[in-house]
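This report concerns only the one structure given below.
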Amino acid sequence: MTWRWGTHLAERANAPIRWEETDQVPFAYYPNGGTYEWLFLENARSFQAKLALLEERKLRGFSAWVLGLEDDDIWPSLPKK
């Protein structure tokens, strides 16, 4: 699911996008057929939190599951190396 599609789903369902403090990620949920649909999204703020953790723990790198679905604002936050 792309960032754009995820935010569209939340808007369409009138579900506010909130911030989950523990995992540092935006999320939304809404009822759908007697259950709840949950959206966990990645944006520039959540990506920055992951980069900070990378530096804090002195990790050598990170991996992304899929590229091309993210919020475009993520890319300027990547260090130029």
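The structure presented is a predicted model; accordingly, all values stated were derived computationally and were not measured.
More than 12 heavy atoms of other residues, nucleotides or ligands lie within 6.0 Å of OH in Y30, so this atom counts as buried by the packing criterion.
Residues I74 and E42 are in side-chain contact: their nearest non-hydrogen atoms beyond the backbone lie under 4.5 Å apart. The closest side-chain heavy-atom distance from F40 to P26 is not below 4.5 Å. Taking the side chain as every heavy atom from C-beta outward, V25 and L41 never approach each other to under 4.5 Å.
The two residues P31 and Y36 make their nearest non-hydrogen contact at N-CD2, 3.6 Å. Taking both residues in full, the closest heavy atoms of D73 and A44 are given as O-CB, 3.6 Å, listed atom of the first, atom of the second, then distance.
For the salt bridge (charged side-chain N to carboxylate O under 4.0 Å, His left out) condition, no pair includes a residue of residues 10-25, sequence neighbours left out.
Not one N or O on the side chain of T35 forms a donor-acceptor pair closer than 3.5 Å with the backbone of N32.
Distance CD/Q24 to CG/N43: 10.5 Å, rounded to 0.5 Å.
Cluster membership check: F47 shares its hydrophobic cluster with L54, using side-chain heavy-atom separations under 4.5 Å among Ile, Leu, Val, Met, Phe, Trp and Tyr.
Taking the six-membered ring where the residue is Trp, W38 and F27 present parallel rings, their angle staying beneath 30° rather than reaching 60°.
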